[in-house]
Each structure stands twice: as structure tokens, then as C-alpha cells.
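Structure record follows, encoded as C-alpha cells.
Remember, it's a predicted structure, so these values are computed and weren't measured experimentally. All heavy atoms count here, side chains included; hydrogens, waters and symmetry mates do not.
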Amino acid sequence: GARTFNGGVTMGGTTPTLTIGDAGAEDAKIVFDGNAQDYHIGLDDSADTLVIGKGSALGTTTSMSFDANGIITKPLQPCFFVYKSAGQDVTNTSNNDITFDTERFDLNADFGSNVFTAPVTGKYHLSASVGYINANASGTIMVYINTSNFEILGHRRDASGDDSVYGTAQMSAVVDMDANDTAKLIIDSSHDDDYALESATYRTYFSGYLVA
């Protein structure tokens with residue numbers, strides 16, 4: 001049965017070893033019983049993985065998983081990919097938020113209403129591709145990654161000899177974001193207010209993940 005004692009435990013000797021389990025087909029875990037929050041580390045025997053997670057129940061709210069091949073996954077790590085499956089008419093020359101109607105994945109549910117919100121302070125890699133069509137040849141098209149603390153001009157297409165039937169803006173950057181900072185995409189023009197973002201699937205997308 002269970003035993004409770006106070007104080008520390010020291011294992012001495014040349015090769016001290018603590019073994020949990022007896023090779024049976026069963027889960028084994030260590031639970032850290034905190035005041036406000038518990039955490040666990042243990043063997044999920046049915047999946048043959050070592051998991052670290054929140055709470056006392058093994059295999060629930062898993063933050064990190066190590067499989068038998070040494071591959072590490074982080075199921076709750078901020079990571080998203082969203083794209084447009086319908087076109088978007090642009091009717092203003094500035095401050096046009098690029099909208100997204102489809103999520104391919106959003107591991108920690110940090111993306112919503114066309115905006116990524118950083119859940120924790122850290123460094124985030126953001127990347128995007130924006131397809132636009134029929135922009136006026138005499139204008140300038142600019143696409144920005146707009147974050148709470150600064151704005152990155154990721155793409156600029158200056159006036160050319162004829163109307164642009166198709167254009168593509170691609171950009172990526174590692175940015176510093178505090179918890180609850182936001183990031184979104186904006187497209188502006190020097191004067192054109194009558195062009196569109198393409199409706200082709202995966203032509204306009206936005207993605208990002210927590211780096212460190």
C-alpha cells in the first residue's frame with residue numbers, strides 16, 4: 001500500500017538506480033503534487049512513450065512525448081497554419097487586414113478572427129504568402145506582418161509597365177512577442193483600391209510557431 005513520509009531521499013552507491021514498474025503491461029508515473037497545479041511524468045505503456053504533462057492523470061494534457069525512436073512531439077506547442085479558400089476584394093488603399101477562413105491546424109488554439117495571439121512571451125517564427133490579382137500597374141503594393149510592437153514590410157512591388165494580372169508576396173521572420181501580443185497580415189497600396197486577393201487554395205496563407 002501507499003506510504004507517506006517527510007524529508008528527502010538519498011540514493012548512494014556507485015550506480016544508484018530507482019526502478020518503477022516490473023516489466024508488466026501497465027502505466028507507471030511520478031506525480032508532482034503542487035499547490036495550484038499538478039504535473040506528471042511517466043510511461044504510457046500502451047503507446048510505448050514517455051510523456052510529460054499537466055495534472056495527475058497520465059496521457060492527458062500532454063506537453064511533451066518521447067517515442068521509442070527518440071522522436072519528440074509537443075502537442076500543445078503554439079503552431080498554426082491558416083489559408084484563404086475564398087477571394088477578398090480590396091477597397092481601401094491602406095490598413096486592409098488580410099482575412100482567413102480556414103485553419104489547417106492550430107495546435108494551441110491561438111489563432112482567431114484573422115489574428116495570432118502569443119500565449120507566452122518568446123520568439124516566434126512567422127511566415128506568409130499572399131496572392132493578389134489585377135493590381136494597378138502605376139501603383140505600389142505593400143504587404144506587412146503587423147505585430148503589437150512593430151511592423152515588418154515583407155513585400156513591396158513598385159509600379160511596372162502594365163497591369164499586374166498576378167502577384168505574390170512571400171515573407172518570413174523571427175519576431176519577439178510578449179504574452180498576449182498579436183500578429184496579423186496587412187496589405188496596402190499607394191493609390192489602387194480595386195484589386196483582389198486570390199481565392200485559390202493555399203495561394204494566400206499565414207503560419208507560425210514558437211521557436212524559443
Side-chain angles (χ1 to χ4, degrees), residues 1-83 85 100-129 147-149 172-184 201-202 205-212:
R3 296 288 187 272
T4 300
F5 66 95
N6 297 316
V9 175
T10 300
M11 298 175 59
T14 305
T15 56
T17 302
L18 173 64
T19 300
I20 302 176
D22 56 3
E26 56 193 9
D27 294 341
K29 64 182 177 181
I30 298 173
V31 175
F32 299 90
D33 188 2
N35 179 30
Q37 183 62 61
D38 298 344
Y39 289 91
H40 65 267
I41 178 172
L43 167 66
D44 184 343
D45 191 77
S46 59
D48 289 330
T49 58
L50 178 71
V51 297
I52 300 173
K54 186 173 70 174
S56 59
L58 188 69
T60 61
T61 321
T62 297
S63 298
M64 187 176 293
S65 177
F66 306 74
D67 78 356
N69 295 313
I71 299 171
I72 302 172
T73 56
K74 302 174 183 178
L76 302 178
Q77 191 77 344
C79 185
F80 72 95
F81 183 100
V82 296
Y83 63 94
S85 62
F100 295 93
D101 53 23
T102 307
E103 290 185 352
R104 186 164 180 88
F105 56 82
D106 184 7
L107 295 191
N108 197 49
D110 300 309
F111 192 93
S113 300
N114 309 309
V115 172
F116 168 70
T117 302
V120 297
T121 298
K123 306 298 185 289
Y124 292 82
H125 181 269
L126 302 176
S127 61
S129 181
T147 66
S148 298
N149 51 355
S172 65
V174 176
V175 300
D176 60 310
M177 301 180 72
D178 292 333
N180 298 315
D181 276 355
T182 59
K184 62 182 178 179
T201 299
Y202 301 135
Y205 59 82
F206 185 25
S207 66
Y209 62 94
L210 176 62
V211 177

Completion exercise
Residue set satisfying side-chain hydrogen bond (donor to acceptor under 3.5 Å, both in side chains) with Ser148, at least two apart, ordered chain then number -> Thr182
Handout entry: Side-chain heavy-atom pair Asp181, Asn149 within 4.5 angstrom cut-off
Key = yes
Fill in the blank from the handout: Value for CG (Asp44) from OG1 (Thr49), rounded to nearest 0.5 Å, stands at 4.5 Å
Handout entry: Separation of Ile52 CD1 from Ile30 CD1 (nearest 0.5 Å)
Key = 10.5 Å
Problem - Nearest non-hydrogen partners of Ala28 and Ile20, listed with the distance - result: CB-CG2, 3.8 Å
Completion exercise
ring pair (Phe, Tyr, Trp, His ring centres under 6.0 Å) pairs touching residues 31-56, sequence neighbours excluded, are none
Problem - Side-chain (Asp106) to main-chain (Phe111) donor-acceptor, under 3.5 angstrom - result: yes
Practice task
Report yes if some heavy atom in the side chain of Glu26 is under 4.5 Å from a heavy atom in the side chain of Asp45; otherwise report no.
Solution key: no
Problem - Gap separating the OH atom of Tyr209 from the CG atom of Asp110, nearest 0.5 angstrom - result: 15.5 Å
Practice task
Determine whether Tyr205 and Arg104 make a side-chain contact, defined as any pair of heavy atoms from C-beta on separated by less than 4.5 Å.
Solution key: no
Completion exercise
For Thr62 and Met64 the tightest heavy-atom approach is CG2-O, 3.4 Å
Problem - Smallest separation among heavy atoms of Ser46 and Asp27, with atom names - result: N-OD1, 4.1 Å
Handout entry: Taking every non-hydrogen atom, the tightest pair across Phe116 and Leu126
Key = CD2-CD2, 4.4 Å
Exercise for the section: Kindly give the heavy-atom pair with the smallest separation between Gly122 and Leu210, and that separation in Å. Expected result: CA-CD1, 4.2 Å
Fill in the blank from the handout: Residue pairs meeting side-chain hydrogen bond (donor to acceptor under 3.5 Å, both in side chains), one or both in residues 114-128, sequence neighbours left out, come to Ser127-Ser207
Practice task
Could you tell me whether the side chain of Lys29 and the main chain of Ala57 form a donor-acceptor pair under 3.5 Å?
Solution key: no
Practice task
State whether the side chain of Asp67 and the backbone N or O of Asn69 hold a donor-acceptor pair below 3.5 Å, judged by distance alone.
Solution key: yes
Exercise for the section: Dump the intermediate steps for side chain to side chain contact (heavy atoms under 4.5 Å, CB included) on Leu76 and Thr61, then the final yes or no. Expected result: CA-CA 8 Å; Leu76 302 178; Thr61 321; 4.1 Å; yes
Problem - Close side-chain approach of Phe100 to Phe81, heavy-atom, < 4.5 Å - result: no
Handout entry: Asp33 CG to Asp38 CG distance, which is reported to the nearest 0.5 Å
Key = 4.5 Å
Problem - Aromatic ring proximity Phe206/Phe80, centre distance under 6.0 Å - result: yes
Practice task
Could you grab the distance from atom CD of Gln77 to atom OG of Ser63, nearest 0.5 Å is fine?
Solution key: 9.0 Å
Handout entry: Which atom of Leu50 lies closest to which atom of Gly42, heavy atoms considered
Key = CD1-O, 3.2 Å
